[in-house]
Asker: 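Next up is a structure, given as structure tokens.
These numbers come from the heavy atoms of this one structure, side chains and all, not from hydrogens, waters or symmetry mates. Protein chains get the first letters and strands the later ones, always in sequence-line order, with residue 1 at the start of each.
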Amino acid sequence: MSSIKSYKPGRKWFKTIVCKVVMVILGRAFQVFSRHDHEIKNEIAAWPEGFTLELNVLPFGPRLLILKEDGKIRTVGEIDEKPELSVNFKNIESAFLILTPLMGVPRGFAEHRFIVIGDVAKAMAFTRCLNRILAYLYPDFLCRNLMRRIPEINFMKRMSKRLYFYTIGIVTGS
Amino acid sequence: MLPSYYEFYNPVKIISGSKALDNIPYELELLNAKRPLVVTDKGVENAGLMKVFLDSFKNSGIEIGGIYSDVPPDSSNSVVKAIAKIYREKECDSIIAVGGGSPIDTAKGVNILVTENSNDLMEFEGADRLKKPLKPFIVVPTTAGTGSEATLVAVIYNEEKNVKMEFISGYLLPNLAVIDPRMTETMPPKITAATGMDALTHAVEAFTCLQKNPISDAYAFSAIKIISHNILNAVKNGKDQKARLNMANAATMAGIAFSNSMVGAVHALGHSAGAVAKVPHGVAMSVFLPHGLEYNLEKIKDSLGELLLALSGPEIFAATPKEKRALKFIEDLRRLQKQLFDEASLPMTLKDAGVTEDMLGTIATKAINDGALMMNPEEMSHEDAMKVLKKAF
Ligand SMILES: NC(=O)c1ccc[n+]([C@@H]2O[C@H](COP(=O)([O-])OP(=O)(O)OC[C@H]3O[C@@H](n4cnc5c(N)ncnc54)[C@H](O)[C@@H]3O)[C@@H](O)[C@H]2O)c1
Ligand SMILES: [Fe+2]
């Protein structure tokens, strides 16, 4: 029986890197649109100061950490405590599907692709913010596949904010 | 149509029928348990059900470690802690819940604390937080409604923090559900009607919401058929054991269905009306179900249309053109609602259920933050929720 070897699986580096990149963009977008979109501002106003939220891929990451500070949203590198709201993708394939974005949050939830730890009401508010962020980032033909109803945002506003984000916001983060 | 991916889990052993209770001692033995703690409430005790339950242990050699019969309506954190203490003091090794959703969910909370040897439920709140099997757990449902005997969910109110804690874990599923028609025959007509409508709502939402899958569909479809055939008989003639047994089975099946295909807007609105205006869960389900289905109609036309066969039978199904079936379902549902109002005074509007108009805004805010909305086929904003609430008022 000496020919039986143990097997140590490797890593999926490509998908890990893609997920990391999308997370960075999403974090930036949340930061920027929380300053430019009233509805998102209102949602966030209900969160306590110092509130933390993470998107995480089990078990090795990547991970995106978001903090509410001075009433605004900011991405951060590390924090000491456990985040108050965690969205944990069960594996890198599921994270890749949702982040790239081939699958929307409702479908992803229905398919058990991530687990939410923390206050459900805040998770619902975060999903509403995410819908608006995605509507700024992506055109309708993509959005239709990602959400049940595309948020009503004035066309000109949506286009100009999109342009702003991809040229300036993404760099300055504000 | 198959979803691109789904999960289904139901390890609960179900024993159902005349004198099913008398098999509990044998089943306890199989679970290697000898000293169960019994969790129930005053209503169940006063209905004489504890006597029937305890009589089934005669001649069995099993000793009941303790009986806790003060569970309040809707489960609470402090009661869970108190019962866990009794469990430890009385050196019990298993739990039997006898009652409706309130004692069952309470017992699930107790099982978490005694297994994890903890005093703080908050540690385990949320999805998949439990990492090992719990103590042997048997459920004897006495209402035919929540289906909690077959679900992986427990909802427990935390009075210190004034929040509802939700626990979701495969380990919360009981080892055994015991359906004995004697246990539901004492339910008064109004509770029979309300809990029956809760079960119907579980099945209809499981079948029409986003997590639907072929296995949960099968349970949901059959549950609706059984409920539609039996709910009026169970309400009109409580002693009708056949109707009672049918309703209890349907409630369990609907529980299995929604444990694997989560409910939607009707439950989101119902949870919120319960929290704000203390509308009993089943009453809220009955009021909201037709309105919720109407709201979702565009997205659920096909699946709801299929359910007309289960609700109204083959003649009506065949006589109704395909594109009219969903609407016909809602129409027939309203007829059932009216019959339950006539027979058992089950409220048909929020106003009759004790809600005042100034509460609607708060209910809407709570509803759009309720997790159940996640699996609703249609998006629901505060404005949308208000529209539905005003119609239901
Ligand atoms: N875990 C789940 O999956 C789930 C699902 C839905 C609801 N729930 C919870 O269940 C609870 C509601 O449960 P419920 O609707 O079964 O009501 P319940 O357990 O609160 O019982 C309602 C009343 O009926 C009485 N009663 C029960 N059985 C009786 C009988 N056979 N004869 C006479 N009286 C009887 C009780 O004493 C009580 O006064 C809520 O707290 C809700 O949050 C849980
Ligand atoms: Fe329910």
Side-chain angles (χ1 to χ4, degrees), chain A residues 39 42-48 54 56 58-59 82-91 93-94 97-98 102-132 134-135 143-153, chain B residues 2-9 122-129 152 155 158 161 163-170 206 209-213 216 260-262 264-265 268 271-272 275 295-296 298-300 365-385:
Chain A
E39 302 265 334
N42 287 343
E43 296 283 4
I44 291 163
W47 299 354
E54 75 168 341
N56 184 31
L58 295 172
K82 260 187 16 200
E84 277 147 275
L85 183 65
S86 289
V87 180
N88 287 304
F89 294 102
K90 287 186 183 172
N91 56 55
E93 291 294 338
S94 290
L97 264 180
I98 292 169
L102 296 164
M103 181 181 280
V105 170
R107 186 80 241 141
F109 188 80
E111 299 191 357
H112 305 262
R113 294 187 182 276
F114 54 85
I115 286 287
V116 179
I117 299 173
D119 182 4
V120 177
K122 297 214 179 65
M124 297 303 288
F126 175 60
T127 332
R128 289 192 292 268
C129 293
L130 194 62
N131 279 352
R132 293 188 76 84
L134 296 177
C143 286
R144 264 193 288 277
N145 189 28
L146 302 179
M147 52 194 85
R148 289 168 283 202
R149 189 202 291 157
I150 303 173
E152 282 166 35
I153 307 173
Chain B
L2 280 180
S4 51
Y5 174 95
Y6 76 91
E7 298 187 358
F8 184 93
Y9 183 57
M122 284 295 246
E123 276 178 56
F124 308 99
E125 196 188 353
D128 283 349
R129 302 296 294 280
L152 41 60
V155 183
N158 184 333
K161 301 228 159 104
V163 289
K164 247 175 41 182
M165 301 184 289
E166 207 172 44
F167 304 85
I168 304 168
S169 163
C209 289
L210 295 180
Q211 220 167 17
K212 79 193 252 76
N213 63 70
S216 65
N260 289 283
S261 171
M262 268 179 53
H271 293 153
S272 310
Y295 180 76
N296 286 333
E298 277 313 306
K299 300 272 172 90
I300 63 172
T365 305
K366 268 201 185 303
I368 61 164
N369 286 310
D370 191 285
L373 265 194
M374 192 60 116
M375 287 301 95
N376 195 60
E378 184 62 90
E379 187 72 45
M380 188 179 265
S381 66
H382 191 271
E383 211 184 320
D384 301 326

Asker: Can you confirm whether A:Arg149 sits close enough to B:Asp384 that some side-chain heavy atom of one is under 4.5 Å from a side-chain heavy atom of the other?
Answerer: yes
Asker: Could you walk me through whether A:Ile115 and B:Arg129 pass side-chain contact (heavy atoms from CB on, under 4.5 Å), step by step?
Answerer: CA-CA 10 Å; A:Ile115 286 287; B:Arg129 302 296 294 280; over 6 Å; no
Asker: Under a 4.5 Å heavy-atom cut-off, does chain A meet the side chain of B:Ser261, its backbone, both or neither?
Answerer: neither
Asker: Is it the backbone or the side chain of B:Lys299 that comes under 4.5 Å from a heavy atom of chain A, or both, or neither?
Answerer: side chain
Asker: Of the backbone (N, CA, C, O) and the side chain (C-beta and beyond), which part of B:Asn376 lies under 4.5 Å from a heavy atom of chain A, both, or neither?
Answerer: both
Asker: Less than 4.5 Å to any heavy atom of chain A: does that hold for the side chain of B:Leu373, its backbone, both, or neither?
Answerer: both
Asker: Using every non-hydrogen atom in the two residues, find where A:Ala110 and B:Leu210 come nearest and quote the distance to one decimal.
Answerer: CB-O, 3.8 Å
Asker: Identify which part of B:Asp370 has an atom lying under 4.5 Å from any heavy atom of chain A, answering side chain, backbone, both or neither.
Answerer: backbone
Asker: Hey, does A:Val116 have a side-chain heavy atom less than 4.5 Å from the side chain of B:Met374?
Answerer: no
Asker: Under 4.0 Å between a Lys/Arg side-chain N and an Asp/Glu carboxylate O for A:Arg148 and B:Glu379?
Answerer: yes
Asker: Taking NZ in A:Lys122 as the centre, count heavy atoms belonging to other residues, nucleotides or ligands within less than 6.0 Å. Is the count above 12?
Answerer: yes
Asker: Are A:Met124 and B:Ile368 packed together at the side-chain level, in the sense that at least one heavy-atom pair is separated by less than 4.5 angstrom?
Answerer: no
Asker: Quick check on the interface: out of B:Ser4, B:Cys209, B:Ser381, B:Gly126, who has the most heavy-atom pairs with chain A under 4.5 Å?
Answerer: B:Ser4
Asker: Is A:Asn131 in contact with chain B via its backbone, its side chain, both, or neither, using a 4.5 Å heavy-atom distance?
Answerer: side chain
Asker: As an exercise, state the distance from CG of B:Asp128 to NE2 of A:His112, rounded to the nearest 0.5 Å.
Answerer: 9.5 Å
Asker: Taking atom CE of B:Met262 and atom CZ of A:Phe109, what is their separation to the nearest 0.5 Å?
Answerer: 4.5 Å
Asker: Just by distance, do the side chain of A:Glu111 and the backbone of B:Tyr6 share a donor-acceptor pair under 3.5 Å?
Answerer: no
Asker: Flag this pair as yes if the NZ/CZ of A:Arg107 is under 6.0 angstrom from the six-membered ring centre of B:Tyr5 and inside a 45 degree cone about the axis; otherwise no.
Answerer: no
